[in-house]
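Inspection log for the structure reproduced underneath, given as C-alpha coordinates.
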Amino acid sequence: MPHSYLTSSLPKSLTHLDLLAMKQRGEKITCLTAYDASFSALIDAANIEVILVGDSLGMVIQGNPTTLPVKIDDMIYHTRCVTKTCKRALVIADLPFMTYATPESAAQNAAALIQTGGAQMVKLEGAKIDIIQFLVAQSISVCGHLGLLPQSIHQLGGYKVQGKLAEVAEKLLMDAVAVQKAGAAILLLECVPADLARQITEQLTIPVIGIGAGKFCDAQVLVVYDMLGISTGKRPRFSKNFLADTNSIESALKNYANAVKTGEFPTTEHSF
Ligand code: KIV
(Lines give C-alpha, C1' and ligand atoms only; values in the text may rest on other atoms or scores of the structure.)
Protein backbone atom coordinates (compact mmCIF):
# COMPACT_ATOMS: atom_id res chain seq x y z
CA MET A 1 0.00 0.00 0.00
CA PRO A 2 1.54 3.37 -0.94
CA HIS A 3 2.54 5.63 1.94
CA SER A 4 1.55 2.98 4.49
CA TYR A 5 4.40 4.20 6.70
CA LEU A 6 2.47 7.44 7.15
CA THR A 7 -0.63 5.67 8.46
CA SER A 8 0.97 2.66 10.18
CA SER A 9 -0.80 1.50 13.34
CA LEU A 10 2.35 -0.15 14.72
CA PRO A 11 3.09 0.94 18.31
CA LYS A 12 5.21 4.08 18.16
CA SER A 13 8.78 3.63 19.26
CA LEU A 14 10.59 6.62 20.67
CA THR A 15 13.10 8.49 18.53
CA HIS A 16 15.94 10.86 19.36
CA LEU A 17 13.49 13.70 18.61
CA ASP A 18 11.28 12.59 21.52
CA LEU A 19 14.36 12.64 23.76
CA LEU A 20 15.33 16.07 22.46
CA ALA A 21 11.84 17.36 23.31
CA MET A 22 12.20 15.86 26.81
CA LYS A 23 15.50 17.69 27.30
CA GLN A 24 13.88 20.94 26.14
CA ARG A 25 11.02 20.41 28.63
CA GLY A 26 13.50 19.65 31.42
CA GLU A 27 12.07 16.11 31.79
CA LYS A 28 14.61 13.48 32.90
CA ILE A 29 15.23 10.56 30.53
CA THR A 30 15.77 6.98 31.74
CA CYS A 31 18.06 4.38 30.21
CA LEU A 32 19.25 0.87 31.15
CA THR A 33 21.38 -1.68 29.43
CA ALA A 34 19.84 -4.95 28.19
CA TYR A 35 21.30 -7.87 26.31
CA ASP A 36 18.40 -10.28 25.88
CA ALA A 37 14.70 -10.48 24.99
CA SER A 38 13.41 -11.06 28.55
CA PHE A 39 15.11 -8.06 30.17
CA SER A 40 14.31 -5.95 27.13
CA ALA A 41 10.58 -6.70 27.52
CA LEU A 42 10.64 -5.92 31.26
CA ILE A 43 12.59 -2.67 30.82
CA ASP A 44 10.31 -1.58 27.99
CA ALA A 45 7.22 -2.38 30.07
CA ALA A 46 8.64 -0.17 32.86
CA ASN A 47 8.47 2.75 30.37
CA ILE A 48 12.23 3.29 30.37
CA GLU A 49 12.89 5.43 27.31
CA VAL A 50 16.25 4.10 26.11
CA ILE A 51 17.77 0.59 26.04
CA LEU A 52 21.51 0.40 25.49
CA VAL A 53 22.90 -2.88 24.20
CA GLY A 54 26.27 -2.10 25.71
CA ASP A 55 29.52 -3.89 25.04
CA SER A 56 29.53 -4.23 28.85
CA LEU A 57 28.01 -7.58 27.84
CA GLY A 58 31.63 -8.68 27.43
CA MET A 59 31.94 -8.41 31.21
CA VAL A 60 28.47 -9.18 32.61
CA ILE A 61 27.39 -11.85 30.08
CA GLN A 62 30.66 -13.27 28.77
CA GLY A 63 32.66 -12.98 32.01
CA ASN A 64 35.67 -11.17 30.56
CA PRO A 65 37.67 -8.68 32.65
CA THR A 66 37.21 -5.92 30.01
CA THR A 67 34.95 -5.10 27.04
CA LEU A 68 37.82 -5.61 24.59
CA PRO A 69 37.09 -9.23 23.51
CA VAL A 70 33.55 -8.36 22.30
CA LYS A 71 33.06 -9.00 18.56
CA ILE A 72 30.63 -7.34 16.17
CA ASP A 73 28.77 -10.69 15.80
CA ASP A 74 28.21 -10.78 19.58
CA MET A 75 26.73 -7.27 19.43
CA ILE A 76 24.51 -8.13 16.44
CA TYR A 77 23.21 -11.28 18.18
CA HIS A 78 22.38 -9.52 21.48
CA THR A 79 20.93 -6.46 19.72
CA ARG A 80 18.64 -8.75 17.73
CA CYS A 81 17.50 -10.47 20.96
CA VAL A 82 16.71 -7.07 22.53
CA THR A 83 14.86 -5.57 19.56
CA LYS A 84 12.62 -8.65 19.19
CA THR A 85 10.71 -7.71 22.35
CA CYS A 86 11.26 -3.95 22.62
CA LYS A 87 8.21 -2.01 21.42
CA ARG A 88 8.70 1.55 22.68
CA ALA A 89 12.22 2.28 23.91
CA LEU A 90 14.88 3.69 21.59
CA VAL A 91 17.54 0.98 21.15
CA ILE A 92 21.20 2.03 20.94
CA ALA A 93 23.86 -0.62 20.20
CA ASP A 94 27.57 -0.31 20.92
CA LEU A 95 30.18 -0.59 18.19
CA PRO A 96 32.81 -2.79 19.87
CA PHE A 97 36.58 -2.28 20.06
CA MET A 98 38.30 -1.77 16.69
CA THR A 99 35.12 -2.05 14.63
CA TYR A 100 35.17 1.67 13.75
CA ALA A 101 38.85 2.32 13.12
CA THR A 102 38.11 3.54 9.58
CA PRO A 103 35.00 5.26 8.19
CA GLU A 104 34.33 2.25 5.93
CA SER A 105 34.54 -0.35 8.70
CA ALA A 106 32.44 1.88 10.95
CA ALA A 107 29.71 2.18 8.31
CA GLN A 108 29.72 -1.54 7.53
CA ASN A 109 29.51 -2.55 11.22
CA ALA A 110 26.95 0.12 12.10
CA ALA A 111 24.82 -1.04 9.15
CA ALA A 112 24.91 -4.61 10.49
CA LEU A 113 23.75 -3.45 13.95
CA ILE A 114 20.88 -1.58 12.31
CA GLN A 115 19.90 -3.98 9.49
CA THR A 116 20.36 -7.32 11.26
CA GLY A 117 20.25 -6.22 14.90
CA GLY A 118 17.39 -3.75 14.51
CA ALA A 119 19.11 -0.95 16.47
CA GLN A 120 18.02 2.64 15.84
CA MET A 121 21.35 4.21 16.83
CA VAL A 122 24.97 3.14 17.32
CA LYS A 123 27.34 4.31 20.05
CA LEU A 124 31.08 4.76 19.70
CA GLU A 125 33.75 5.80 22.18
CA GLY A 126 35.95 8.90 21.88
CA ALA A 127 35.95 12.16 19.95
CA LYS A 128 36.23 10.35 16.59
CA ILE A 129 34.93 13.34 14.67
CA ASP A 130 35.64 12.09 11.13
CA ILE A 131 33.98 8.73 11.85
CA ILE A 132 30.89 10.36 13.38
CA GLN A 133 30.60 12.74 10.41
CA PHE A 134 30.92 9.85 7.95
CA LEU A 135 28.25 7.74 9.70
CA VAL A 136 25.86 10.68 9.96
CA ALA A 137 26.37 11.39 6.23
CA GLN A 138 25.23 7.77 5.58
CA SER A 139 22.02 8.48 7.56
CA ILE A 140 23.19 6.53 10.61
CA SER A 141 22.20 7.95 14.01
CA VAL A 142 25.14 8.20 16.37
CA CYS A 143 25.54 8.42 20.14
CA GLY A 144 28.95 9.72 21.24
CA HIS A 145 30.66 8.45 24.42
CA LEU A 146 33.21 10.58 26.33
CA GLY A 147 34.86 10.53 29.76
CA LEU A 148 35.92 7.08 30.90
CA LEU A 149 36.31 5.00 27.74
CA PRO A 150 36.36 1.29 28.66
CA GLN A 151 37.71 0.34 25.21
CA SER A 152 40.81 2.47 25.98
CA ILE A 153 41.39 0.82 29.35
CA HIS A 154 44.99 -0.17 28.62
CA GLN A 155 45.85 3.41 27.60
CA LEU A 156 43.98 4.89 30.59
CA GLY A 157 45.63 2.47 33.00
CA GLY A 158 42.46 1.70 34.97
CA TYR A 159 38.77 2.51 35.46
CA LYS A 160 39.33 6.04 36.79
CA VAL A 161 37.23 9.21 36.91
CA GLN A 162 38.15 11.45 33.96
CA GLY A 163 38.26 15.26 33.89
CA LYS A 164 39.36 16.04 37.44
CA LEU A 165 42.28 18.17 36.18
CA ALA A 166 41.32 21.55 34.70
CA GLU A 167 43.04 20.95 31.34
CA VAL A 168 41.44 17.52 30.91
CA ALA A 169 38.04 18.97 31.84
CA GLU A 170 38.49 21.73 29.25
CA LYS A 171 39.42 19.18 26.56
CA LEU A 172 36.34 17.06 27.44
CA LEU A 173 34.09 20.11 27.09
CA MET A 174 35.63 20.93 23.68
CA ASP A 175 35.31 17.28 22.57
CA ALA A 176 31.65 17.24 23.62
CA VAL A 177 30.93 20.32 21.51
CA ALA A 178 32.82 18.78 18.56
CA VAL A 179 30.91 15.48 18.84
CA GLN A 180 27.62 17.39 18.74
CA LYS A 181 28.83 19.50 15.80
CA ALA A 182 29.80 16.32 13.93
CA GLY A 183 26.14 15.30 14.05
CA ALA A 184 25.79 12.99 17.07
CA ALA A 185 22.18 12.87 18.30
CA ILE A 186 23.05 11.90 21.90
CA LEU A 187 26.18 12.03 24.07
CA LEU A 188 26.96 9.57 26.88
CA LEU A 189 29.31 10.75 29.64
CA GLU A 190 30.92 8.10 31.84
CA CYS A 191 32.61 8.78 35.19
CA VAL A 192 33.25 12.50 35.09
CA PRO A 193 32.85 15.01 37.95
CA ALA A 194 29.25 16.11 38.38
CA ASP A 195 30.09 19.79 37.89
CA LEU A 196 31.83 19.14 34.56
CA ALA A 197 28.87 16.99 33.42
CA ARG A 198 26.55 19.86 34.36
CA GLN A 199 28.57 22.32 32.22
CA ILE A 200 28.56 19.93 29.26
CA THR A 201 24.82 19.20 29.63
CA GLU A 202 24.04 22.94 29.73
CA GLN A 203 26.28 23.74 26.78
CA LEU A 204 24.96 21.01 24.45
CA THR A 205 21.55 21.07 22.79
CA ILE A 206 21.51 17.26 22.34
CA PRO A 207 20.53 15.02 25.30
CA VAL A 208 23.39 13.95 27.58
CA ILE A 209 23.16 10.53 29.26
CA GLY A 210 25.29 10.12 32.38
CA ILE A 211 26.71 7.14 34.25
CA GLY A 212 28.78 8.17 37.24
CA ALA A 213 28.37 11.73 35.96
CA GLY A 214 26.07 13.21 38.59
CA LYS A 215 22.47 14.36 38.72
CA PHE A 216 22.60 17.26 36.25
CA CYS A 217 22.70 15.13 33.07
CA ASP A 218 19.52 14.97 30.99
CA ALA A 219 19.41 11.18 31.34
CA GLN A 220 20.83 8.40 33.50
CA VAL A 221 21.97 4.92 32.53
CA LEU A 222 23.03 1.93 34.63
CA VAL A 223 24.10 -1.59 33.75
CA VAL A 224 20.93 -3.58 34.50
CA TYR A 225 22.80 -6.34 36.34
CA ASP A 226 24.42 -3.75 38.66
CA MET A 227 21.11 -2.09 39.52
CA LEU A 228 19.57 -5.49 40.31
CA GLY A 229 22.55 -6.48 42.46
CA ILE A 230 23.36 -9.52 40.32
CA SER A 231 26.79 -8.48 39.06
CA THR A 232 29.76 -10.39 40.33
CA GLY A 233 32.48 -8.34 42.02
CA LYS A 234 32.23 -4.95 43.68
CA ARG A 235 29.27 -2.68 42.83
CA PRO A 236 30.58 0.54 41.27
CA ARG A 237 30.15 3.58 43.52
CA PHE A 238 27.88 5.30 40.98
CA SER A 239 25.42 2.39 40.86
CA LYS A 240 22.64 1.41 43.29
CA ASN A 241 20.91 -1.90 43.96
CA PHE A 242 17.23 -1.09 43.34
CA LEU A 243 16.18 -4.69 44.07
CA ALA A 244 17.44 -4.42 47.66
CA ASP A 245 14.30 -2.55 48.84
CA THR A 246 11.67 -4.47 46.89
CA ASN A 247 10.75 -8.02 45.94
CA SER A 248 10.35 -8.04 42.17
CA ILE A 249 12.44 -7.06 39.17
CA GLU A 250 9.44 -5.17 37.75
CA SER A 251 9.16 -2.93 40.81
CA ALA A 252 12.95 -2.42 40.96
CA LEU A 253 12.86 -1.16 37.35
CA LYS A 254 9.88 1.11 38.11
CA ASN A 255 11.58 2.44 41.26
CA TYR A 256 14.73 3.21 39.24
CA ALA A 257 12.71 5.05 36.58
CA ASN A 258 10.85 6.99 39.26
CA ALA A 259 14.06 7.88 41.15
CA VAL A 260 15.64 9.26 37.96
CA LYS A 261 12.48 11.17 36.97
CA THR A 262 12.15 12.80 40.39
CA GLY A 263 15.87 13.56 40.71
CA GLU A 264 16.27 11.22 43.73
CA PHE A 265 18.93 9.24 41.84
CA PRO A 266 21.83 9.80 41.55
CA THR A 267 22.75 11.48 44.84
CA THR A 268 26.18 12.88 45.72
CA GLU A 269 26.95 9.42 47.16
CA HIS A 270 26.78 8.07 43.56
CA SER A 271 28.71 11.00 42.02
CA PHE A 272 32.26 12.28 41.80
O1 KIV B 1 28.68 -0.80 27.52
C2 KIV B 1 27.97 -0.19 28.33
O3 KIV B 1 27.09 -0.77 28.98
C4 KIV B 1 28.17 1.25 28.47
C5 KIV B 1 27.90 1.87 29.81
C6 KIV B 1 28.50 3.18 29.91
C7 KIV B 1 26.51 1.96 30.20
O8 KIV B 1 28.58 1.86 27.55
Side-chain angles (χ1 to χ4, degrees), residues 29-36 39-40 43 48-72 74-79 81-82 89-100 109-110 113 117 119 121-128 142-153 156 159-163 172 176 179 184-192 197 200 207-214 217-228 230-233 235-240 242 253 256 260 265-266 270-272:
I29 302 162
T30 54
C31 176
L32 283 175
T33 68
Y35 319 99
D36 66 46
F39 270 116
S40 169
I43 293 169
I48 295 205
E49 284 96 6
V50 184
I51 293 181
L52 171 65
V53 189
D55 62 354
S56 50
L57 70 83
M59 298 168 90
V60 296
I61 302 283
Q62 298 175 333
N64 299 307
T66 69
T67 59
L68 301 179
V70 177
K71 303 283 189 299
I72 188 66
D74 302 330
M75 291 307 305
I76 296 168
Y77 170 79
H78 287 281
T79 304
C81 293
V82 164
L90 174 88
V91 177
I92 306 176
D94 266 344
L95 279 164
F97 179 58
M98 283 306 286
T99 61
Y100 50 99
N109 290 315
L113 290 172
M121 190 177 291
V122 298
K123 176 163 81 60
L124 58 87
E125 294 185 10
K128 310 252 162 45
V142 176
C143 175
H145 180 154
L146 296 175
L148 174 58
L149 307 178
Q151 293 174 14
S152 305
I153 193 64
L156 295 174
Y159 295 100
K160 298 183 182 123
V161 179
Q162 305 293 308
L172 270 173
V179 164
I186 298 179
L187 174 68
L188 187 145
L189 283 180
E190 179 165 358
C191 289
V192 299
I200 294 175
V208 175
I209 305 180
I211 178 163
C217 297
D218 303 304
Q220 297 293 330
V221 62
L222 287 178
V223 170
V224 70
Y225 285 15
D226 288 346
M227 59 79 70
L228 293 175
I230 50 177
S231 296
T232 52
R235 176 178 58 79
R237 167 176 163 177
F238 54 75
S239 192
K240 177 180 168 180
F242 283 84
L253 296 174
Y256 165 71
V260 172
F265 178 83
H270 310 108
S271 311
F272 303 103

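Both counts, for ligands and for their atoms, begin at 1 and track the order of listing.
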Residues forming a salt bridge (charged side-chain N to carboxylate O under 4.0 Å, His left out) with Asp55, sequence neighbours excluded: none
Sort out the contact shell of ligand 1: every protein residue with a heavy-atom distance below 4.0 Å, listed by chain and number. Thr33, Leu52, Gly54, Asp55, Ser56, Asp94, Lys123, His145, Leu188, Glu190, Ile211
Kindly write out the residues that satisfy side chain to side chain contact (heavy atoms under 4.5 Å, CB included) with Ile76, not counting sequence neighbours, or none if the list is empty. Ile72, Asp73, Ala112, Leu113, Thr116
Not counting sequence neighbours, which residues clear salt bridge (charged side-chain N to carboxylate O under 4.0 Å, His left out) with Glu49? List them please. Lys261
Donor-acceptor pair between Tyr35 and Ser56 side chains, under 3.5 angstrom: yes
Tell me, do Phe272 and Cys191 make a side-chain contact under 4.5 Å, heavy atoms counted? yes
Side-chain donor/acceptor of Gln151 to backbone N/O of Leu95, under 3.5 Å: yes
